[in-house]
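A short worksheet on the structure shown next.
When a ligand or atom number is given, it counts from 1 through the structure's own listing order.
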Amino acid sequence: MTRHATTPIPGQKPGTSGLRKKTPVFSAPGYLENFVQATFDALGGVTGKTLVLGGDGRYFGDTATQIILKMAAANGAARVIVGQGAWLSTPAASHLIRLRGADGGLILSASHNPGGPEEDFGVKYNMGNGGPAPEAVTEAIYARTQVIDFYLKLEAPDVDLGALGDQHLGDMVVEVVDPVADYADLMETLFDFPALKAMFAGGFRMRMDSMNAITGPYAVEILEKRLGAAPGTVVHATPLPDFGGMHPDPNPTWAHELMAEMMGANAPDFGAASDGDGDRNMILGAGCYVSPSDSLAVLAANAHLAPGYAGGLKGVARSMPTSAAVDRVAAAMGIEAHETPTGWKFFGNLLDAGRCTICGEESFGTGSDHVREKDGLWAVLLWLNILAATGKSVAELLADHWATYGRNYYSRHDYDALPVDQANALMGDLRARLGDLPGAEVNGMTIRAADDFAYHDPIDASVSKSQGLRIIFADDSRIVLRLSGTGTEGATLRVYLERYVAGPEGLAEDPQQALAPMIAAVEALAGVAARTGRSGPDVIT
Ligand code: G1P
Ligand code: ZN
């Protein structure tokens with residue numbers, strides 16, 4: 001029997017990055033099946049199509065892969081290319097879709113959220129360009145989940161996901177591929193591998209924390225095997241179903257082992273971490289943390305030093321809450337700078353249209369037009385290439401950058417697992433007052449503008465409303481408030497803080513101190529502490 005009757009399951013609405021739920025929810029009978037069938041249906045079916053499939057190795061990923069393969073076969077797909085062991089990092093999946101000219105792909109991951117029987121799981125559909133499905137498609141998927149009445153699934157034994165090569169599932173070919181090789185080859189075309197090899201051979205020391213997640217095999221192959229970094233450069237290198245209990249989010253809070261090493265005595269020259277599915281990155285130097293917004297700006301300013309970008313950049317793009325540091329680089333270069341809503345899917349049109357080469361988000365995401373996802377190891381390699389080409393340390397590069405462009409002090413404060421009603425009320429009340437705020441004074445600072453950010457896509461003219469509340473002060477300092485679209489527990493309030501200092505004085509302050517006036521303004525305007533009863537944020541990045 002391949003046709004299974006089902007009924008709609010509420011709440012299958014994809015968020016910022018696919019559908020994410022607690023694993024017990026996703027693994028309940030019919031849950032994954034409903035969502036995958038709704039996805040296939042929303043795409044107009046998958047008959048005769050080629051799909052890419054893989055994930056970050058988290059719990060339930062292997063079982064989900066078998067289910068999806070059998071559903072793809074029953075739905076008439078011609079071929080599914082799947083990473084060995086059901087592994088594919090998100091950027092590698094994006095590359096594979098493009099390389100093989102596939103119609104699309106399914107990525108099984110909840111990104112930086114913890115994994116395990118009681119933790120998180122997720123499914124995301126990517127299009128033929130290798131990028132996340134745009135809102136029109138995710139909305140069509142959601143609409144379909146609300147009326148679905150059957151799904152198709154072949155009755156067949158499991159596929160051997162350990163064996164490379166072609167196998168058959170009904171009439172469909174399952175092609176199991178090395179998850180790392182094609183991606184590593186792509187990196188070799190973009191960066192000066194001989195120069196990086198020479199740098200490592202000369203004693204350059206690096207620590208890469210893969211957080212027991214998917215970048216382990218990629219980082220070992222590229223850094224240790226192809227570039228000759230010392231064995232053991234990559235730590236937590238084996239993807240584990242529960243990430244060994246780690247929270248695979250590369251930020252100072254969750255990558256604290258790496259932070260301690262990089263801030264300690266005898267620190268390596270360079271440190272990096274990546275997340276569950278390998279699209280995020282955190283960059284560190286000896287005794288030095290690089291905020292993601294600064295990382296994006298430094299990469300944009302210096303990308304031409306890497307062979308893949310020697311011709312210069314077509315433009316840059318950043319998500320609205322990301323600091324404007326990269327805009328200053330673009331202005332100096334005379335190239336376009338775009339401001340999009342949060343979420344990588346909004347960069348896709350700009351990249352496809354050749355309107356930007358490098359893009360990034362404050363949430364530890366940077367990437368370029370080489371794929372259609374953010375790419376953690378790509379950022380690591382571009383930093384390494386810049387270090388090799390300039391001979392400077394991370395701290396020197398940052399100081400030089402600020403001296404040239406000024407510094408956008410930046411921080412994000414997250415309040416996790418708030419009661420949903422409380423978070424909605426906080427946002428709703430502030431939204432209602434936005435119109436009255438321009439011209440008002442808060443703690444001696446004048447508000448210049450306030451709005452609920454809406455994005456007008458310059459390529460397809462689509463409009464995305466309600467993408468975050470912005471309050472901008474007379475000196476361009478700003479605060480932004482928005483609710484997370486990736487959380488799986490209550491509501492997560494994100495407060496983004498930014499203040500620009502032109503220099504040459506005042507470029508080396510502690511960010512939290514430099515941002516104290518903005519932090520106080522948030523309290524005065526939105527009453528976060530007063531309303532939530534929290535004494536401070538749960539995570540500061
Ligand atoms: C978060 C980040 C966002 C990123 C997304 C997926 O989304 O803020 O920049 O694109 O994860 O990695 P949020 O939870 O804020 O909706
Ligand atoms: Zn991720």
In the protein, what heavy atom is nearest to atom 7 (O) of ligand 1, and what distance, to one decimal place, separates them? Thr486 CG2, 3.5 Å
Is the shortest N/O to N/O distance between Ser363 and ligand 1 below 3.5 Å? yes
Here the atoms of ligand 1 under 4.0 Å from any heavy atom belonging to Thr342 are 3 (C), 8 (O), 9 (O)
Please verify the inter-ring angle class for Tyr309 with Trp378; under 30° counts as parallel, over 60° as perpendicular, anything in between as tilted. perpendicular
For a quick check under 3.5 Å, do Glu119 and His247 share a side-chain donor-acceptor pair by atom type? no
Within 45° of the axis and under 6.0 Å from the centre of the six-membered ring of Phe453, does NZ or CZ of Arg482 qualify? no
Nearest non-hydrogen contact with atom 12 (O) of ligand 1 belongs to which option: Arg20, Lys374, His112? Lys374
Side-chain donor-acceptor contact under 3.5 Å, Asp294 with His401: no
Is there a polar contact between ligand 1 and Asp279, counting only N or O atoms under 3.5 Å apart? no
Ring centres under 6.0 angstrom apart (Phe26, Phe60): no
Could you list the donor-acceptor pairs under 3.5 angstrom formed between side-chain atoms of residues 102-111 and any protein atom two or more places apart in sequence or on another chain?
unit_1	atom_1	unit_2	atom_2	d
Asp103	OD2	Thr50	N	2.8
Ser109	OG	Asp56	OD2	2.8
Ser109	OG	Ser111	N	2.6
Ser111	OG	Asp275	OD2	2.9
Ser111	OG	Asp277	OD1	3.3

Quickly, which of Lys21, Arg20, Lys22 forms a salt bridge (Lys or Arg N to Asp or Glu O under 4.0 Å) with Asp120? Name it, please. Lys22
We want to know whether Ser319 and Thr342 form a side-chain donor-acceptor pair, criterion being a heavy-atom distance below 3.5 angstrom. no
Where the closest heavy atom to atom 10 (O) of ligand 1 is concerned, which of Glu361, Arg412, Arg482 has it? Glu361
In the shown structure, where waters are left out, how many protein N, O or S atoms lie under 2.8 Å from the Zn ion (ligand 2)? 4
Side chains of Ser484 and Thr492: is there a donor and an acceptor less than 3.5 Å apart? no
Using heavy-atom distances only, which candidate in Ala110, Ser109, Gly343, Gly485 approaches atom 16 (O) of ligand 1 most closely? Gly485
Considering residues, nucleotides and ligands other than Tyr59, do more than 12 of their heavy atoms fall under 6.0 Å from its OH? no
Atom of Ile471, atom of Ala450 and distance for their closest heavy-atom approach: CG1-CB, 4.2 Å
What do you reckon, does Arg494 have a nitrogen or oxygen under 3.5 Å from a nitrogen or oxygen of ligand 1? yes
For atom 11 (O) of ligand 1, which protein heavy atom lies nearest, and how many Å away is it? Arg280 NH2, 3.0 Å
Min heavy-atom dist Glu373 to ligand 1 below 4.0 Å: no
